[in-house]
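Okay, structure first, notes after.
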There are 2 protein chains.
Amino acid sequence: MAKIQSKRNSTKKEVIIEKASRLFREKGFGAASMRDLAEHVGVEAASLYNHIQSKSEILQTICFKVANEFMTNLEAVEASNQTTLKKMEMIIRVHIRMMLEQYEYVYISDHEWRHLPEPYLSNFLNQRRSYRKRLADIIEDGTAKGEMKAIDPYTAVLVILSAISGIDSWQRSRKSTTAEALESNMVRYLIEGLKR
Amino acid sequence: MAKIQSKRNSTKKEVIIEKASRLFREKGFGAASMRDLAEHVGVEAASLYNHIQSKSEILQTICFKVANEFMTNLEAVEASNQTTLKKMEMIIRVHIRMMLEQYEYVYISDHEWRHLPEPYLSNFLNQRRSYRKRLADIIEDGTAKGEMKAIDPYTAVLVILSAISGIDSWQRSRKSTTAEALESNMVRYLIEGLKR
DNA sequence: ATAAATAACTAACAACCGTTAGCGATGGAA
DNA sequence: TTCCATCGCTAACGGTTGTTAGTTATTTAT
């Protein structure tokens, strides 16, 4: 075996995906070229294909990595013994932290998924629909138990997820506010709107 | 003068921009080609240039049309004699309605602005920053007057605008809920989080 | 040391990109 | 009828796209 390890504890494939995530976020998937990417990796464009199969494979990897991470977390939350309000707070906090800590990946999964080729596109959208449905179910459950106000659960899910995904525009503009402050402010606003 | 009017009461340039908005939304600005667009207009790609100057001119037109519409509305609201809470509700409702009625335009202005060439890009971002600042000022004013709870105004602006911009994912998936229901649900959630 | 595997390189392909040049058809104004 | 602006067309430009072929260099395993 030749070296499959780069300087850090990561495969070259992982390095490529990491650099790509930055590039895709900055320029958009369509406008980012493989020659662009290659330059950032420090290699010729053709050499990338020793590690990846195609440009869209990179996008697939990123999108499903993020989707799986959220889904795994949701399952843990669902299985936990918490009030529905607390469950929602846990989910909101994870979303905010993922957005702050894995900004590039989450951003791409949020904004560039339409460039996924079939059948991955359908797969991704199904997974997303299912995720939102299960979130809405938690809220509906909370309303039924009288823990939350009677709000349309789909609207709530929409507001919550969209609000968090909007942190990207904060990322670029308001480095002055700390991440912790943002998280607590946002949780407060979003959870307060759920309490009865 | 030859005919500058199309069948409806709109310039051919307007028809192009309308078709382009659909295309840009579906494929993204970068991935939508002029030949694509020409086909939808029913003309050869080169003929488009009898009516427009460049591909990015279309994007500029759309982005600034939307931005100006929002800015004009904001000025009207600022000048009105209303409680700050009512002002915010008016703004929120206009945003939701614009999103529902001019979906393609608003979506593009929200998501494709990064492909604007300079100096339009800086212009657009300045205008956006100014818009959000003035929104935050209204909220801060409301807090100072005791009409609203003491929430970080930038966080509130972020949550509100992002939540509304997320309606796009509802557009595609939940035609069952009426627009009116969505609007009232969303206003309720967002305004409720502001009340003290 | 030798063989095998891995990953870099150069060159090139076919397709597509936005855009321009130039030409013919059309239709209203004089 | 003559004139001229408008708008459609075809052809083509120079450049970029993702990707493959073929080859060489490098590293690891035996």
Side-chain angles (χ1 to χ4, degrees), chain A residues 1-21 23-24 26-63 108 112 114-118 120-121, chain B residues 1-21 23-24 26-63 108 112 114-118 120-121:
Chain A
M1 282 243 289
K3 70 163 179 195
I4 58 165
Q5 299 271 336
S6 186
K7 287 166 189 173
R8 287 166 313 196
N9 277 1
S10 51
T11 315
K12 189 119 201 184
K13 180 167 181 173
E14 289 169 341
V15 172
I16 290 173
I17 291 174
E18 191 191 307
K19 298 282 185 188
S21 69
L23 208 62
F24 290 177
E26 281 176 348
K27 304 200 169 191
F29 179 78
S33 78
M34 295 303 275
R35 286 168 180 85
D36 260 357
L37 174 55
E39 198 169 342
H40 280 85
V41 176
V43 105
E44 288 299 317
S47 306
L48 296 172
Y49 289 84
N50 285 319
H51 306 277
I52 58 161
Q53 284 209 327
S54 67
K55 188 187 181 187
S56 74
E57 189 210 14
I58 302 178
L59 185 61
Q60 293 159 34
T61 305
I62 294 174
C63 288
I108 290 166
E112 304 291 332
R114 23 176 109 236
H115 297 102
L116 285 171
E118 291 288 3
Y120 302 98
L121 178 58
Chain B
M1 281 245 288
K3 69 167 179 189
I4 59 166
Q5 297 271 333
S6 185
K7 287 167 189 174
R8 287 166 312 198
N9 277 1
S10 51
T11 315
K12 188 119 201 183
K13 180 167 181 172
E14 289 169 341
V15 172
I16 290 174
I17 291 174
E18 191 192 305
K19 297 282 185 188
S21 69
L23 206 63
F24 289 177
E26 282 176 347
K27 303 200 169 190
F29 178 78
S33 78
M34 295 303 275
R35 288 168 178 86
D36 259 358
L37 174 55
E39 199 169 344
H40 281 85
V41 176
V43 103
E44 287 299 316
S47 305
L48 295 173
Y49 289 83
N50 286 320
H51 306 277
I52 59 160
Q53 284 210 326
S54 67
K55 187 188 181 187
S56 73
E57 189 210 12
I58 302 177
L59 185 62
Q60 292 160 33
T61 305
I62 294 174
C63 287
I108 290 167
E112 304 291 332
R114 26 174 107 234
H115 297 101
L116 285 170
E118 290 290 2
Y120 303 97
L121 178 59

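Chain naming here is simple, since letters A, B, ... match the order of the sequence lines and numbering starts at 1 in each.
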When the distance from NZ of A:Lys55 to C1' of C:dA15 is rounded to whole Å, what number comes out? 15 Å
Could you tell me the separation between the CG atom of B:Leu37 and the P atom of C:dG18, rounded to a whole number of Å? 9 Å
Specify the separation, in whole Å, of atom CE of A:Met34 and atom P of D:dT19. 6 Å
Backbone N or O of B:Asp36 within a donor-acceptor pair of the B:Ser33 side chain at under 3.5 Å? yes
Closest non-hydrogen atoms of A:Gly28 and A:Glu112, given as atom of the first, atom of the second and distance, are CA-OE2, 3.6 Å
Any B:His51 side-chain nitrogen or oxygen under 4.0 Å from OP1 or OP2 of D:dT6: no
Interatomic distance, A:Phe24 CZ vs D:dG18 P [rounded to whole Å]: 9 Å
Got more than 12 heavy atoms from elsewhere within 6.0 Å of CD, A:Glu118? yes
Both A:Asp36 and A:Gln53 contact DNA chain D. Taking the nearest nucleotide for each, which residue is further toward the 5' end? A:Asp36
Rounded to whole Å, NZ of B:Lys13 lies from C1' of D:dC7 at a distance of 15 Å
Check the distance between D:dG18's P and A:Tyr49's OH and give it to me in whole angstrom. 7 Å
Expected output: side-chain A:Lys55 to main-chain A:Ala32 donor-acceptor under 3.5 Å: yes
Mind checking B:Ala32 for me? I need base, sugar-phosphate or nothing, with any heavy atom below 4.0 Å counting as a touch. sugar-phosphate
Non-hydrogen side-chain atoms of A:Ile16 and A:Val43 separated by less than 4.5 Å: no
Send over the distance from A:Glu14 CD to C:dA7 P, rounded to a whole Å. 13 Å
Taking atom P of C:dT6 as reference, at what distance in whole Å does atom CG of A:Leu48 sit? 18 Å
Short side-chain to backbone donor-acceptor contact, B:Ser56 and B:Leu59, under 3.5 Å: no
State, to 0.1 Å, how close B:Lys27 and A:His115 come at their nearest heavy-atom pair, and which atoms those are. O-NE2, 3.4 Å
Output yes when at least one side-chain N/O atom of A:Ser33 is less than 4.0 Å from OP1 or OP2 of D:dT17, else no. yes
Residue-phosphate contact under 4.0 Å: B:Lys12 side-chain N/O, D:dT6 OP1/OP2: no
Show the distances under 3.5 angstrom between N or O atoms of the protein and N or O atoms of nucleotides 9-13 of chain C.
from   : atom 1 : to      : atom 2 : distance (Å)
C:dC9  : OP2    : A:Glu44 : N      : 2.6
C:dC9  : OP2    : A:Ser47 : OG     : 2.8
C:dA12 : N6     : A:Arg35 : NH2    : 3.4

